[in-house]
Amino acid sequence: MSSIAITDRHPTFAIDKLGVLIAVLAAVASFLPFAAFRANRIVLGEAKGIFAALPEWEAAVLAVVLAAGIGIALFRTPTVWRLATSLIVLALLFIAIGHAGTFLTPPGDRIARVSPGAGFWLLIFAFALLAADAIARLKLKPWTRLGVLGVVAVFFAVLLGSGTLNDLSILREYFNRGETFWREAQTHLALALGSLAAATVVGIPLGVLCHRNSRLRVPVLNVLNAVQTIPSIALFGLLIAPLAWVAANVPGASAVGISGIGAAPAMVALFAYSLLPVVANTVVGLEGVPYAADDAAKGMGMTDWQRLVTVQFPLAFPVILTGIRIVLVQNIGLATIAALIGGGGFGVFVFQGVGQTAMDLVLLGAVPTVALAFAAAVVLDAIVEMVSPRGVERED
Amino acid sequence: MIEIDALTKDYLELTVVDHVSLTVADGEIAVIVGTSGSGKTTLLRMINRLIEPTSGTVKIDGQDTRAVPAFELRRRIGYAIQGHGLFPHRTVGQNIATVPTLLGWDKQKIAARVDELLSLFQLEPAEFRDRLPSELSGGQQQRVGVARALAAEPRLLLMDEPFGALDPIIRAKAQSDLLAIQKRFGTTIVLVTHDMEEAIHLGSRIAVMDKGKLLQYAPPAEIIARPATPFVAELIGTGERPFRLLSLGKVRDLVEPGPAQGEPISADASLRDAYAECLWSGREVLPVIDADGKIIGRIRRDDIARRAERPQ
């Protein structure tokens with residue numbers, strides 16, 4: 001009791017363990033190149049530190065803010081401060097990188113490229129870690145977490161809309177292919193969500209069947225496990241031949257969009273990867289239903305269907321939803337590979353960028369993918385928590 | 001009335017319940033007692049067809065239980081189990097309303113019944129109706145479990161070790177509550193336990209099972225006085241016999257007029273408690289009071305001791 005009181009009275013002298021890591025990362029990152037300038041899209045870049053990349057006074061402000069941020073991360077400070085600090089630093093970093101773009105690009109130059117350097121990314125990582133840690137420590141309610149996500153989304157919308165970032169190479173790439181970008185975004189979402197929907201519709205009933213019939217469970221889960229181990233590129237490739245055959249030989253198949261390449265095999269592959277988490281979590285969730293509750297339900301005269309709908313499924317639902325969360329995040333990432341077989345999505349930019357050694361174009365595909373996956377994870381985590389019945393203890 | 005006739009359950013080579021026949025009259029409490037693996041739970045679960053018998057029949061009020069679909073049969077029979085089996089995601093009120101809802105009672109009738117049962121089990125309806133089971137103590141959860149089993153006013157109640165998870169003090173209270181409620185509704189009860197003490201306390205008849213066979217089915221006094229097999233005698237415990245006999249009788253049975261000194265004993269206490277009090281306080285006679293606290297006579301230690309002798 002007394003030792004707690006002492007640390008409470010002298011909070012500034014206590015070092016935060018995770019804070020050490022964050023502080024070291026951020027300190028090192030501050031001396032790494034903040035931005036890279038290139039005369040054109042594919043030549044090697046010229047590294048610029050914070051003071052070379054920004055007007056003097058802006059660089060000074062950023063340096064001071066970073067130093068303060070490192071201090072607050074390093075010492076044991078109130079968690080709300082840590083969250084506020086991390087969000088302020090992150091916001092400033094994004095504004096600063098936009099300004100660096102404008103500052104480094106010679107006026108009127110449409111060919112020169114400015115992109116974020118290793119230092120910028122590492123700083124983002126360090127302070128994102130601080131933010132994530134603070135949010136976890138605050139044990140925010142699901143709605144509050146969604147609120148934080150909303151604020152972050154609005155911030156980026158305003159930042160992009162204001163044109164602050166327009167001189168960065170990633171946005172240069174975007175302006176070169178505005179329409180394509182949104183079309184691929186739609187395809188990407190359709191692939192990720194469509195395969196998820198299909199996997200849910202098929203996977204949950206399959207999970208229920210596996211739960212009820214133990215002889216079915218082992219082979220089904222083994223097959224789905226085996227599917228998961230096939231490298232994704234291989235699975236996308238393997239599906240070309242059978243689907244091409246179906247398209248050529250089944251009447252009407254090609255009319256509904258089935259072909260060896262394109263969205264159809266991508267959808268099938270993503271669906272196959274999605275099944276295991278959905279089925280496995282359904283089985284695990286149903287197995288976690290307390291035996292006594294299930295027995296009482298049966299003993300009081302519920303039919304199998306009533307028992308499933310009113311007792312088993314509600315109690316298993318949070319676990320099933322966790323499976324759906326895994327699938328959604330996984331699919332948003334995996335859908336990038338669909339571009340390899342002509343399926344579209346953000347992967348189009350990634351593979352074009354790799355082909356042209358234009359890293360900015362790779363980023364144009366990668367950044368929205370990561371942002372989407374991150375947002376999906378936050379939203380679904382919040383939903384899982386909201387639907388978990390209060391007072392239900394379950395051993396996972 | 002329940003008539004069980006040559007009821008048998010085989011699992012492959014193993015016979016878990018072996019040609020058990022017994023009859024439970026209306027308003028009786030039949031307690032099935034036995035060690036684990038004796039087949040007592042299997043026998044109970046065959047009554048509401050949670051387990052389908054291999055052979056033999058069960059008739060309830062003359063009707064074969066196989067004449068109706070299993071789920072319909074079960075809605076007519078109350079079912080309470082060890083660890084209560086409450087639905088953790090539903091409120092106390094919703095839990096109790098389970099069977100009435102399945103039967104399609106109208107909302108008002110269900111709400112009234114839920115409140116009636118909560119009051120009956122000494123749980124203030126306004127306070128407990130909307131709580132979740134996890135917010136209740138073990139004893140309260142168990143009471144809700146029994147209330148839920150009684151919700152649709154079943155004439156027959158099956159209980160599988162309903163008090164197994166309770167500590168001794170709450171357990172004794174739960175047992176006397178059950179007896180009071182049984183008296184009030186006249187419900188026929190079949191209860192499974194491994195505890196002979198509980199069987200003697202609750203049962204109007206006790207069925208002793210071992211290795212799937214019914215060894216003896218008789219009122220408690222007869223089980224104690226004339227155990228049918230050495231196993232039954234062992235289950236009762238030879239050293240315990242006189243005291244078990246005493247626990248069946250009430251002080252009221254032996255009251256006689258006359259004065260006595262010291263702390264009085266209730267007429268509704270068991271003879272066993274009265275005897276213990278005599279021994280402990282070193283008295284030959286105890287004053288006896290009725291429920292109103294009025295002295296109605298006395299009880300003599302010698303009379304109690306005579307009741308503990310082996311019946312002829």
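All chains are named by letter (A, B, ...) in the order of the sequence lines, taking the proteins before the strands, and each is independently numbered beginning at 1.
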Legend entry - Among the listed options Pro69(B), Pro133(B), Gly85(B), Ala80(B), the residue most often paired with chain A at heavy-atom distances under 4.5 Å: Gly85(B)
Inset, instruction - Using a cut-off of 6.0 Å, state whether more than 12 heavy atoms not belonging to Glu127(B) lie near its atom CD. - result: yes
Legend entry - Euclidean distance, Arg45(B) CZ relative to Lys298(A) NZ, rounded to 0.5 Å: 6.5 Å
Inset, instruction - Please examine the side chains of Thr98(B) and Met302(A), heavy atoms only from C-beta on, and report whether any two atoms are closer than 4.5 Å. - result: yes
Legend entry - Contacting region of Ile81(B) [heavy-atom separation from chain A under 4.5 Å]: side chain
Legend entry - Polar side-chain atom of Arg74(B) near backbone of Met300(A) as donor-acceptor pair, under 3.5 Å: no
Inset, instruction - Verify the neighbour count for atom CZ of Arg155(B): are there more than 12 heavy atoms of other residues, nucleotides or ligands below 6.0 Å? - result: no
Inset, instruction - Find the one option among His84(B), Glu72(B), Arg148(B), Arg76(B) whose heavy-atom pairs under 4.5 Å with chain A are most numerous. - result: Arg148(B)
Legend entry - Nearest atoms (heavy-atom pairs only) where Gln82(B) meets Ala292(A): O-CB, 4.4 Å
Inset, instruction - Dump the intermediate steps for side-chain contact (heavy atoms from CB on, under 4.5 Å) on Arg90(B) and Thr310(A), then the final yes or no. - result: CA-CA 10 Å; Arg90(B) 295 186 152 199; Thr310(A) 59; 3.5 Å; yes
Legend entry - Within-4.5 Å side-chain heavy-atom neighbours: Tyr79(B) and Asp295(A): yes
Less than 3.5 Å apart, which donor and acceptor atoms pair up between the side chains of residues 221-229 of chain A and the rest of the protein, not counting sequence neighbours?
unit_1, atom_1, unit_2, atom_2, d
Asn222(A), ND2, Val218(A), O, 3.4
Gln228(A), NE2, Tyr273(A), O, 2.4
Thr229(A), OG1, Ala226(A), O, 2.6

Inset, instruction - Can you establish whether the number of heavy atoms outside Phe374(A) located under 6.0 Å from its atom CZ is more than 12? - result: no
Legend entry - Closest contact, heavy atoms only, Asn48(B) versus Gly299(A): ND2-O, 3.9 Å
